[in-house]
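Heads up: the structure comes next, in structure tokens.
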Number of protein chains: 4
Amino acid sequence: MKDEIANLKRSHILEVAGRHFTETGYDATQISAIAKEAEVSIGTIYGFFENKEGLFSEFINAEMERIFRELQEELATISEPIEKLRAMARKKFEYMTRRTNNIREMLNKNPMFLVQASVAKNCPMEHIYILIASVLEELNQTVPLKNNDFIQMAYNFKALGNGYIERWATDERYEFRDKADEVVDFFIDGIKR
Amino acid sequence: MKDEIANLKRSHILEVAGRHFTETGYDATQISAIAKEAEVSIGTIYGFFENKEGLFSEFINAEMERIFRELQEELATISEPIEKLRAMARKKFEYMTRRTNNIREMLNKNPMFLVQASVAKNCPMEHIYILIASVLEELNQTVPLKNNDFIQMAYNFKALGNGYIERWATDERYEFRDKADEVVDFFIDGIKR
Amino acid sequence: MKDEIANLKRSHILEVAGRHFTETGYDATQISAIAKEAEVSIGTIYGFFENKEGLFSEFINAEMERIFRELQEELATISEPIEKLRAMARKKFEYMTRRTNNIREMLNKNPMFLVQASVAKNCPMEHIYILIASVLEELNQTVPLKNNDFIQMAYNFKALGNGYIERWATDERYEFRDKADEVVDFFIDGIKR
Amino acid sequence: MKDEIANLKRSHILEVAGRHFTETGYDATQISAIAKEAEVSIGTIYGFFENKEGLFSEFINAEMERIFRELQEELATISEPIEKLRAMARKKFEYMTRRTNNIREMLNKNPMFLVQASVAKNCPMEHIYILIASVLEELNQTVPLKNNDFIQMAYNFKALGNGYIERWATDERYEFRDKADEVVDFFIDGIKR
DNA sequence: TATGAATGAGGGTTCATTCAT
DNA sequence: AATGAATGAACCCTCATTCAT
């Protein structure tokens with residue numbers, strides 16, 4: 001019971017912290033601001049997390065875990081591998097636009113986010129890359145692929161998505177939300193034999 | 001004469017600053033540390049640059065300008081558009097490995113670098129995207145492309161390269177220096193009709 | 001209880017700060033010096049006051065408020081308006097000599113003090129001018145005054161006092177403490193019809 | 001010849017410096033800004049004046065000397081002592097309004113000016129007080145005065161003027177330029193037997 | 001266990017002053 | 001004599017972290 005409350009509090013802090021890190025950037029984020037918004041004391045945060053860096057790293061891990069689970073659930077309802085890729089691309093674009101109503105500004109203030117996830121300690125995105133790789137392996141059964149380094153292909157898939165996001169971050173008039181299929185088509189043509 | 005010395009000093013500061021920003025990240029970089037390593041006073045740095053942000057922004061701009069010029073020169077010696085793309089990919093990978101002997105650690109401490117350039121004020125990478133786009137337009141003459149948004153394709157090209165770099169940043173055993181051709185092949189297959 | 005301690009600390013800082021501002025002048029006063037003398041940390045000061053200017057402004061306000069209250073209390077015990085003016089002049093002179101044991105040096109290092117109070121944001125001396133004006137209005141009942149701009153007359157009253165203080169600040173041999181009555185006589189003759 | 005040029009340069013610097021000290025306040029005035037506006041080098045300023053404080057002190061002295069001379073000249077054309085006082089009050093008010101087109105703001109940013117002059121090292125206003133005192137002595141021949149401390153009366157005269165200036169500095173709607181006669185009337189009534 | 005006041009090292013920036021040219 | 005680039009001490013303010021209550 002007590003543990004449950006503690007866990008709830010922990011996730012709540014993590015969520016608020018995530019919002020701050022994402023919108024403000026790591027350095028500009030203040031522990032005191034997180035505490036105030038999460039309506040806990042600074043001491044409580046330090047009770048749950050070693051320090052600022054630990055809080056950040058836990059946030060990234062939790063975020064990735066969550067996305068991974070959501071993705072996994074959604075993919076379970078789809079049978080066609082190509083459709084799975086489309087769903088993933090769509091989810092990524094959705095996430096980027098929903099995450100903050102001003103992702104463009106966010107990327108300008110804190111351009112680290114896109115890459116951050118992949119290189120943060122312990123590579124918390126690993127799970128997701130493996131998930132993408134497994135879809136590609138599946139795809140390989142029906143559509144033979146040129147390159148069997150599925151993990152690298154997964155990186156390429158993600159990177160292509162970033163290309164659209166970056167374009168959009170630079171060019172105000174650009175509409176990228178409906179480009180998910182374009183990403184997948186481009187990608188498929190790039191990998192199939 | 002005096003101007004020349006001033007310019008040399010300026011470039012020297014910019015170079016040292018660049019090393020610091022790249023290796024330590026923007027926030028963790030200290031003006032005083034740059035001053036000490038560049039063997040000038042703090043005041044001298046503030047004589048050349050408005051403030052820390054101005055110094056950073058000039059560093060990014062100068063870097064991009066330099067890369068752009070080098071790229072342009074190299075491309076002038078190549079006639080085949082596909083070979084041009086290969087040269088570009090090779091240059092990018094070379095740059096990333098040469099830039100610091102520990103780019104992996106750099107990306108961990110400062111994951112912003114890869115994206116930063118594209119979204120920094122005034123988009124200093126614009127020139128390079130336009131250069132890539134012009135090569136793609138050229139390519140379109142001989143190899144008809146599916147998508148005529150050459151700028152977006154340029155973003156995709158760069159993004160794909162990032163995919164390999166990120167992979168390499170995460171996986172110690174990965175050798176990406178010789179993957180330049182793979183990037184181009186993947187890319188060409190993705191864009192050609 | 002906690003609030004009480006905080007208030008005590010606050011007043012203590014204010015008092016130390018006041019001593020510094022008065023003796024050293026605004027610009028030359030260092031927050032770190034106030035912190036050291038008040039035996040609190042710099043951060044604590046910034047916890048109580050927005051910034052240096054805020055601290056200064058609060059000091060002036062508090063000082064004026066205190067003087068105002070003291071003055072009001074004393075005037076309540078006096079019935080004759082002229083006697084009230086005398087009391088005020090005496091109080092001012094007392095204040096100037098008691099405030100620091102070296103007001104002369106203070107005025108040399110920081111000549112702003114005399115005027116500062118009247119022009120600082122929100123004119124914290126306003127209360128006092130109104131108090132003086134009310135005494136003059138009262139006086140007007142028995143001794144008809146030439147000029148009915150009581151506020152201006154209040155300024156004149158204060159200014160005349162300053163004349164004696166300045167004289168004393170310049171001339172070492174000058175004894176001004178017993179000139180309070182002279183100020184009032186001069187003033188009365190200047191205003192009565 | 002060379003000396004003449006040097007003297008001209010010196011006065012020019014002094015004039016520019018004066019404008020800066022008056023409008024910006026001592027601390028906020030930058031030597032570099034004076035140098036730029038005076039179109040001389042920083043080094044030149046340091047060739048003429050010991051340091052910032054020396055420059056300031058010379059400015060005050062020169063200013064007082066100038067005002068003194070102007071006043072003396074004007075008074076020479078007037079025979080009636082009371083008219084002389086009126087001329088002085090008028091001159092003071094004129095000076096305060098002409099000096100900067102925004103004396104109110106100046107007093108807020110740098111409230112020291114009014115008092116500064118009288119207490120600055122070597123009391124550079126002394127001459128002026130003596131001049132006023134001599135007029136009062138003259139006045140004493142025809143209008144017997146209560147108090148024979150003419151110097152103190154001179155301080156009072158100046159202080160009364162300050163009262164109007166301070167009033168005006170605090171109250172936007174106040175028009176003080178035409179109050180010169182009021183000051184003198186008030187003063188005369190205050191001093192005459 | 002939770003709180004949040006207190007700490008103080010540290011960083012960006014300014015600017016009077018110097019001195020080589 | 002004049003210049004103004006260079007110096008670097010000094011100052012305001014921030015904020016991660018601690019710890020007494």
Side-chain angles (χ1 to χ4, degrees), chain A residues 2 5-6 9 26-36 39-56, chain B residues 1-3 5-6 9-10 13 26-36 38-56, chain C residues 1-3 5-6 9-10 13 27-36 38-55, chain D residues 2 5-6 9 26-36 39-56:
Chain A
K2 251 202 313 205
I5 293 176
K9 206 178 272 186
Y26 178 82
D27 281 286
T29 293
Q30 296 162 230
I31 297 290
S32 60
I34 296 172
K36 186 175 278 181
E39 292 181 286
V40 296
S41 74
I42 293 173
T44 300
I45 294 182
Y46 277 88
F48 282 113
F49 307 93
E50 174 109 68
N51 52 24
K52 193 183 179 183
E53 198 159 313
L55 177 59
F56 176 71
Chain B
M1 219 321 257
K2 244 189 340 194
D3 276 16
I5 292 175
K9 204 173 278 185
R10 203 189 144 88
I13 293 170
Y26 177 82
D27 282 287
T29 293
Q30 297 165 224
I31 296 290
S32 59
I34 295 173
K36 189 175 276 180
E39 292 180 286
V40 295
S41 74
I42 293 172
T44 299
I45 294 181
Y46 279 90
F48 282 111
F49 307 93
E50 178 111 290
N51 52 24
K52 194 183 180 183
E53 196 159 314
L55 178 58
F56 176 70
Chain C
M1 216 327 251
K2 243 189 343 194
D3 275 18
I5 292 174
K9 204 174 278 184
R10 201 189 145 89
I13 292 170
D27 282 286
T29 293
Q30 297 164 225
I31 297 291
S32 59
I34 296 173
K36 187 174 277 181
E39 290 180 287
V40 295
S41 74
I42 293 171
T44 298
I45 294 182
Y46 280 91
F48 282 112
F49 307 92
E50 177 110 292
N51 51 24
K52 194 183 179 184
E53 198 159 314
L55 177 58
Chain D
K2 252 200 312 202
I5 293 176
K9 206 177 274 185
Y26 178 82
D27 281 286
T29 293
Q30 298 162 228
I31 297 291
S32 60
I34 295 173
K36 186 176 277 180
E39 291 179 287
V40 295
S41 74
I42 293 173
T44 299
I45 294 181
Y46 278 88
F48 283 113
F49 307 93
E50 175 110 67
N51 51 24
K52 194 181 177 183
E53 199 159 314
L55 177 59
F56 176 70

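Chain A is the first sequence line, chain B the second, and so forth, proteins listed ahead of strands; every chain is numbered from 1. Note that the structure is a prediction, hence the values are computed from the model and not measured.
I31(D) and Y46(D) get closest at one heavy-atom pair: CG2-CE1, 3.8 Å. Across all their heavy atoms, K9(D) and T44(D) have their closest contact at CD-CG2, 4.1 Å. In plain terms, the two heavy atoms of A35(D) and S41(D) that are nearest each other are CB-C, 4.0 Å. K52(B) and T29(B) get closest at one heavy-atom pair: NZ-O, 2.9 Å.
Within 4.0 Å (heavy atoms only), K9(C) reaches sugar-phosphate atoms of the nucleic acid but no base atom. Residue contacts for G43(C): at a heavy-atom cut-off of 4.0 Å it reaches a base atom on one of the strands shown. When heavy atoms are screened at a 4.0 angstrom cut-off, I42(B) is found touching base atoms of the nucleic acid.
Summarising the geometry, the separation between CG on D27(B) and P on dG11(E) is reported as 12 Å, rounded to the nearest angstrom. I13(C) places its CD1 atom 13 Å from the P atom of dA5(E), with the value rounded to the nearest Å. One can place CD of E53(B) at 16 Å from C1' of dG11(E), the figure rounded to the nearest angstrom. Distance I31(B) CD1 to dT14(E) C1': 14 Å, rounded to the nearest Å. One atom, CZ of F48(A), and another, P of dT18(F), lie 17 Å apart when rounded to the nearest Å. Here the C1' atom of nucleotide dG10(E) and the NZ atom of K52(B) are 12 Å apart, to the nearest Å. Taking atom CD on E50(D) and atom P on dT18(E), their separation rounds to 9 Å, with Å as the unit. What separates CZ of F49(D) from C1' of dA16(E) is a distance of 16 Å, to the nearest Å.
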Can you list the steps and then say if Y26(A) with D27(B) is a side chain to side chain contact (heavy atoms under 4.5 Å, CB included)?
CA-CA 10 Å; Y26(A) 178 82; D27(B) 282 287; over 6 Å; no

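T44(B) has no side-chain polar atom (N or O) that falls below the 4.0 Å cut-off from OP1 or OP2 of dA5(F). Contact annotation: S32(D) does not reach the phosphate of dC15(E) (side-chain N/O to OP1 or OP2, under 4.0 Å).
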Intra- and interstrand pairs of DNA chain E - dot-bracket, Watson-Crick/G-U under 3.5 Å, | marks other strand:
.||||||||||||||||||||

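Where S41(B) and N51(C) each meet DNA chain F at their nearest nucleotide, the meeting point lying more 5' is that of S41(B). Remark on DNA chain F: of its neighbouring residues E39(B) and T29(C), the 5'-side contact belongs to E39(B), judged by nearest-heavy-atom nucleotide. Toward the 5′ end of DNA chain E lies the nearest nucleotide of V40(A), the other residue of the pair V40(A) and Q30(D) mapping further downstream. Of the two residues contacting DNA chain E, namely Y46(D) and I5(C), the nearest-nucleotide position lying further toward the 5' end is that of I5(C).
Here CD1 of I13(C) is found 5.5 Å from CD1 of I45(C). Values are rounded to the nearest 0.5 Å.
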